[in-house]
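In this chain, numbering begins with 1 at the start of the sequence shown.
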Amino acid sequence: MVLSFIGYSGGLLPGSTTSAGRADAPTLLVQLTDLHLMAEPESVMCQVNTDASLRAVMDLVRANGHRPDLLLATGDLAQDGSAQAYQRLRSLLEQTDWPVRCLPGNHDDPRLLRETMGLWAQPVTDIGAWRIILLDSTVPDSNAGHISEEQFDLLEQASALAGDRHVLVALHHNPVQMDSSFPDKMMVDNAQALFQRLANLPRARVLLWGHVHQAFDRRRHHMRLLATPSTCFQFSIRNGQHVLDDSPPGYRWLKLYRDGSLATGVRRLSDAAWLQAKK
């Protein structure tokens, strides 16, 4: 993996390229999301040791033979926004040889996350035949999501300079309701504007997010809409209410092909591994 930088009008955006393997080989992405690490590694949230469950999910990635060309960590990396949590996560990921990109969620401290993660927090990455664009949907002092004009500018400029690459856009907050019976006040509040922008980007193939602690897979016109389980506890909607779900944690894998097609799926911990991470 060779890391490089790409320039564009309006600023400098970082990116990476890879030429490993066959020319027609797909690019493998792995998404980890909603880690909810805390300052103390033995901390428990919703009866789960979030450090232990993250390590178990990373072991599952290895056990499944997935060696990602790029790991995407899509927000709520820390529950408490603590420096200790980010430093411990960086140390854990540095033990792999996986290139990493990450973005903040509503529980993160975006400034501290970017300071700790350095180049890993850069918003644009070229890999294979694809451009990955990370949008910051966080709002200071709020759990809700919003795409600012600055982020829309990033999306449009980075897409305009993508050349013949296909585009995957990732953010933290969900731009669609997971269940029509649940009025979601923490989703992206200007999702219609986001979809209007994406409709004008014909090479945008995937919109990927975390936040909801559950799997989701739909199509919208020329785009695939995907959400991914948390690496710790899960949520679901039952009888119009937001509740904890005892489904095991997991991750999403995506194979991105040169023609713009993709294959994707979710892998979850076994019941035995899940019990070991719970308290």
Side-chain angles (χ1 to χ4, degrees), residues 28-36 46 48 50 53-54 57 60-61 66 68 70-77 79 101-108 130 132-138 143-147 151 155 167-192 194-195 198 204-238 240-256 262-269:
L28 176 63
L29 267 63
V30 163
Q31 181 196 12
L32 302 180
T33 193
D34 297 272
L35 320 181
H36 291 280
C46 297
V48 180
T50 56
S53 62
L54 171 60
V57 170
L60 180 64
V61 174
H66 284 153
L70 187 67
L71 176 88
L72 293 180
T74 53
D76 282 359
L77 310 186
Q79 167 66 20
R101 290 293 183 268
C102 57
L103 54 84
N106 49 291
H107 288 285
D108 287 306
W130 287 72
I132 313 301
I133 303 174
L134 308 185
L135 298 181
D136 183 350
S137 59
T138 61
N143 286 321
H146 179 81
I147 308 299
Q151 292 297 301
L155 172 63
V167 173
L168 179 151
V169 179
L171 68 165
H172 178 68
H173 292 82
N174 51 307
V176 298
Q177 288 189 186
M178 297 296 97
D179 189 303
S180 60
S181 67
F182 180 74
D184 192 344
K185 297 180 180 179
M186 294 195 298
M187 62 181 284
V188 174
D189 65 4
N190 58 340
Q192 184 176 359
L194 173 61
F195 282 118
L198 291 169
R205 308 294 189 198
V206 183
L207 184 60
L208 177 70
W209 63 87
H211 189 53
V212 294
H213 292 231
Q214 60 184 282
F216 181 87
D217 188 344
R218 297 288 188 277
R219 293 183 183 276
R220 181 186 174 104
H221 306 305
H222 61 288
M223 294 194 64
R224 191 83 167 263
L225 309 182
L226 300 169
T228 298
S230 166
T231 63
C232 50
F233 51 89
Q234 311 305 311
F235 293 140
S236 62
I237 310 298
R238 295 176 189 163
Q241 295 185 351
H242 209 195
V243 297
L244 283 172
D245 189 304
D246 200 42
S247 299
Y251 69 95
R252 178 176 292 281
W253 59 268
L254 302 97
K255 289 183 178 180
L256 306 178
L262 70 143
T264 186
V266 166
R267 298 285 180 88
R268 296 181 185 264
L269 294 182

Checking His107 now: which residues fulfil ring pair (Phe, Tyr, Trp, His ring centres under 6.0 Å) with it, not counting sequence neighbours? His36

In sequence, state the C-alpha distance, the side-chain angles, and the governing distance for Asp108 and Thr138, and then conclude on side-chain contact (heavy atoms from CB on, under 4.5 Å). CA-CA 9 Å; Asp108 287 306; Thr138 61; over 6 Å; no

Ser230 (side chain) donor-acceptor with Asp34 (main chain) under 3.5 angstrom: yes

Please find the pair of heavy atoms, one from Leu103 and one from Ala170, that lie closest to each other, and give the distance. CD2-O, 3.6 Å

Exercise: identify the closest heavy-atom pair between Asp184 and Met186: OD1-N, 2.9 Å

Sole residue of Val176, Val188, Leu226 in side chain to side chain contact (heavy atoms under 4.5 Å, CB included) with Trp209: Val176

Arg252 side-chain N/O to Ala227 backbone N/O, donor-acceptor pair under 3.5 Å: yes

Taking only residues two or more places apart in sequence or in another chain, which ones pass side chain to side chain donor-acceptor pair (under 3.5 Å) with Ser53? none

Please confirm whether the backbone N or O of His146 pairs with a side-chain atom of Asn190, one donor and one acceptor, at under 3.5 Å? no

Euclidean distance, Cys232 SG relative to Leu54 CG, rounded to 0.5 Å: 9.0 Å

For the backbone of Leu35 and the side chain of Asp76, can you confirm whether one donor and one acceptor N or O come within less than 3.5 Å of each other? no

Interatomic spacing from CG in Leu32 to CG in Leu71 - rounded to 0.5 Å: 4.5 Å

Sequence neighbours excluded, which residues qualify as side chain to side chain donor-acceptor pair (under 3.5 Å) partners of Thr74? Gln31, Thr33

Chi angles and distances behind the side-chain contact (heavy atoms from CB on, under 4.5 Å) call for Ile132, Leu29: CA-CA 10 Å; Ile132 313 301; Leu29 267 63; 4.0 Å; yes

How far apart are the closest heavy atoms of Arg268 and Pro229, and which atoms are they? NH2-CG, 3.5 Å

Closest non-hydrogen contact found for Pro175 with Leu207 is CG-CD2, 3.6 Å

Run the side chain to side chain donor-acceptor pair (under 3.5 Å) test against Ser137 and tell me which residues pass, sequence neighbours left out. His173

Determine, stepwise, if the pair Leu72 / Leu254 fulfils side-chain contact (heavy atoms from CB on, under 4.5 Å). CA-CA 11 Å; Leu72 293 180; Leu254 302 97; over 6 Å; no

Provide the full list of salt bridge (charged side-chain N to carboxylate O under 4.0 Å, His left out) pairs with a residue in residues 216-230, sequence neighbours left out, each pair given once. Asp217-Arg224

Applying ring pair (Phe, Tyr, Trp, His ring centres under 6.0 Å), name anything that partners Phe195, two or more places apart in sequence or on another chain. none

Measure the spacing between CG of Leu256 and OG1 of Thr264 and express it to the nearest 0.5 Å. 8.5 Å

Taken in chain and number order and not counting sequence neighbours, the residues that satisfy side chain to side chain donor-acceptor pair (under 3.5 Å) with Arg205 are His166

Could I get the full list of side chain to side chain contact (heavy atoms under 4.5 Å, CB included) partners for Asp245, not counting sequence neighbours? Gln234, Ser236, Arg238, Ser247

Ala215 and Val266: which non-hydrogen atoms are nearest, and at how many Å? CB-CG2, 4.2 Å

Check salt bridge (Lys or Arg N to Asp or Glu O under 4.0 Å) between Asp136 and all other residues, then give those that pass, not counting sequence neighbours. Arg114

Taken to the nearest 0.5 Å, the spacing of Leu225 CG from Asn174 CG works out to 11.0 Å

To the nearest 0.5 Å, tell me how far Thr228 OG1 sits from Arg267 CZ. 13.5 Å

How far apart are the C-alpha atoms of Val206 and Trp130, what are their side-chain angles, what is the distance that settles it, and do they pass the side-chain contact (heavy atoms from CB on, under 4.5 Å) test? CA-CA 11 Å; Val206 183; Trp130 287 72; 4.1 Å; yes

State, yes or no, whether a side-chain contact exists between Phe235 and Val212 at a heavy-atom distance under 4.5 Å. no

Nearest atoms (heavy-atom pairs only) where Val169 meets Leu155: CG2-CD1, 3.7 Å

If the condition is ring pair (Phe, Tyr, Trp, His ring centres under 6.0 Å), which residues does His172 pass it with, not counting sequence neighbours? His211

